[in-house]
Amino acid sequence: MTDLTNLTLAQALDGMEKKQFSSAELTNAFIGAIDAANPKLNAYVVTTPEKARAQAKASDERRAAGKAGPLEGAPLGIKDLFCTEGVRTTACSNILGEFTPTYESTVTSQLFRDGAVMLGKLNLDEFAMGSSNETSAFGPVVNPWRRGNEDVKLTPGGSSGGSAAAVAADLCLGATATDTGGSIRQPAAFTGTVGIKPTYGRCSRWGVVAFASSLDQAGPIAKSVEDSALLLQSMAGHDPKDSTSLPAPLPDFRAACSRSLKGMTIGVPDEYRIDGMPEEIEKLWAQGVEWAKDAGAKIKPISLKHTKYALPAYYIVAPAEASSNLARYDGMRYGARQSGKDLVGTYEATRAKGFGAEVQRRILIGTYVLSAGYYDAYYLRAQKVRQRIAQDFRDAFEDVDAILAPATPSSAFALGEKSGDPIAMYLNDIFTVTANLAGLPALALPAATDSQGLPLGLQVIGKALDEESVFAVSAALEKAADFRAKPAKWWA
Ligand code: GLN
C-alpha cells in the first residue's frame, strides 16, 4: 500500500469511505511518522497516541454502523493554544506549567463531533506571539523545507509553526491554527501549505487561550484549498459561549471551491508593492493576476491607502489587548507558581520566571500604550487607524469581489536570522495584519518555489462573511499554479 500519510484529507476520507483502509490503520501510520520525525522537527509538544487509537477505533465502529460524520476517522494535529480536555495545554509558555483543562474548546469539540481523531498538540510561539516559532518555551520548530541541499535550519514561520510543519511533513492530515496578525497565513506560505483565517467571529474563541481578543481567529492549515474548506466547515459556526461569535448561517465551503470566476472582479492593491520586496514575489503576484484572468476574472487596480499604518497600529492594539489578557497569569489559578516574600512578590516572581522575553516585551508595550497620558497618543490613535483600514477595504469591495496580494515579503528565513531584532521580525507581518485589523477572511496558498527551492505563497482576501469567494479564487489559483513540490523527507 502507498504511504497513507501522503494523502490529502479529501483523499483519505474517500479511501476510508471505500473501505480501502481504516481510521485505525491511517492513525497508526501517522503515529509512526510522528515518532520518526518529531525529534528532528519538534512540531508536536505533546503526542496522544492512546487517545488517537481509541478515537480511531470508535470512529471505525461508527463508520461500520453507517454513522460516519464529515471528518470521520481523520487524524489531525491541534495547536497547543486550544484547550483540550484532559490533555496538557500550555500555549507553549512556562507560566501554564502542566495546566490540563477540564473542558474542550468549541472548535476542537466540533471537530471531534464530526469524527476527527487527535494525534497531539502542536508547537507555537509563546502565547502565539511571534513569526518564527522561536519564542516557544519548547524550542523552535524546524521547517521541513530546506534551501537546496543546505542543512541550514529554517523557520516554518509563526506562530502556528508546529501546525504548518506537521501538515507539510505529513504528520497529520490537517491542523488547527490561529491567526491574530498572520499566524495561519505566514506559516502556510513558508511551508507550502494552505491556511485560511476566516472572518472575525466565524469560529468560536471559547476555549482558545487569548492573545488579542479583537483580532484572534481560529482556522485550519491543510494540504489543499478543498481540505481547508472541509476543516473550516467543521470548525466554524455560531457559539453562544463567545459573545463575538457571529450568528450567521454557514455556507457550503467545499462547493464554493468549484465555483467559476466568470463575472468576478479581483482587486490588486498598489500599496502592497513595497520597497525591498524580492523580485520573485513580485513576479509570482503578476503571474497570479494572469492565472485569475485566464480563469475568467476581471482585474482592477485598487488603492488601500492606509496600508502603511497597519503594522504600527497592529503592534499597538495587539500588545494592549495582550497585556490585559495576560494579567490573569499570576500564579494563583493556573500553572506554575514561583513563591516570593509576600503576595505581590509571588506575582512578580511568577510572571518574571513564567513569561519569556517576547511576551514580557509585549506586556510592557501594551501597558505603556494603555497608561494615562499615553492612551490617546497611542491606543486611541491606533484604533482610529484601524477604522481607516477597515474603511479602505469597504470602499475597495464596492468594486471588487476579492483581493489578490502576496502572503509574505520573503520565503522562509533561517532560525536565528531575525530573533535578535524584533522590528525585522514584526516586518514579516506586513501583508497579513491588515485582514486582522479589518476582520476579513484571507487565505494563503502555495503558488511557486523560489530560486532556492522554497515555497512562496499568494494571499486572497475577501469581504466579511464571504469565504466562498475566497475559496473560489484560491481554488482556481491552486489549479493554475499546480504546486506539487514536497520537501525531501530528510528527517525520516
Ligand atoms: N507575528 C504576529 C505577532 O507576533 C502575529 C501572531 C499571530 O497571528 N498570532 O503578533
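Source: prediction; values computed, not measured. In each ligand, atom 1 is the first atom listed, and ligand 1 is the first ligand listed.
Geometrically, ligand 1 and Tyr314 share a nitrogen or oxygen pair separated by less than 3.5 Å. Residue Gly182 places at least one N or O, backbone or side chain, under 3.5 Å from an N or O of ligand 1. At least one N/O-N/O distance between Gly181 and ligand 1 falls below 3.5 Å. In terms of N/O distances under 3.5 Å, ligand 1 is approached by Ser183.
More than 12 heavy atoms of other residues, nucleotides or ligands shown are found within 6.0 angstrom of CZ on Arg361. Within a 6.0 Å sphere centred on CZ of Arg88, other residues, nucleotides and ligands contribute more than 12 heavy atoms. The environment of Lys308 atom NZ is sparse: at most 12 non-hydrogen atoms of other residues, nucleotides or ligands sit within 6.0 angstrom.
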What's the verdict on salt bridge (Lys or Arg N to Asp or Glu O under 4.0 Å) for Lys486 and Asp170, showing C-alpha distance, side-chain angles and the deciding distance? CA-CA 10 Å; Lys486 288 273 244 179; Asp170 295 329; 2.8 Å; yes
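The ligand atoms of ligand 1 that sit less than 4.0 angstrom from a heavy atom of Asp179 are 8 (O). The contact set between ligand 1 and Ala128, taken as ligand atoms under 4.0 Å from a residue heavy atom, comprises 6 (C), 7 (C), 9 (N). Taking every non-hydrogen atom of Asp429 and a distance limit under 4.0 Å, the qualifying atoms of ligand 1 come out as 1 (N), 2 (C), 3 (C). Within ligand 1, the atoms closer than 4.0 Å to a non-hydrogen atom of Phe211 are 9 (N), 10 (O), numbered from 1 in the order shown. Of all the atoms in ligand 1, the ones that sit under 4.0 Å from a non-hydrogen atom of Ser159 are 9 (N).
Under a cutoff of 6.0 Å and an axis angle of 45°, Lys121 and Phe99 do not form a cation-pi pair.
Atom CZ of residue Phe253 and atom CG of residue Leu232 lie 4.5 Å apart, to the nearest 0.5 angstrom.
Scanning the protein heavy atoms around atom 3 (C) of ligand 1, the nearest turns out to be Tyr315 OH, 3.2 Å.
Contacts between Tyr426 and ligand 1, counted as non-hydrogen atom pairs separated by less than 4.0 Å, are absent for every part of the residue. Heavy atoms of Glu358 found under 4.0 angstrom from ligand 1: none, in either backbone or side chain.
Contact analysis puts Arg362 in contact with ligand 1, with a non-hydrogen atom separation below 4.0 angstrom.
Salt bridge Glu467/Arg202: present, at least one basic N to carboxylate O contact under 4.0 Å. Using a cut-off of 4.0 Å between Lys/Arg side-chain N and Asp/Glu carboxylate O, Arg273 and Glu282 are scored as salt-bridged.
Just one residue in the list Asp429, Asn436, Asp216, Thr432 forms a side chain to side chain donor-acceptor pair (under 3.5 Å) with Thr180, and that residue is Asp216.
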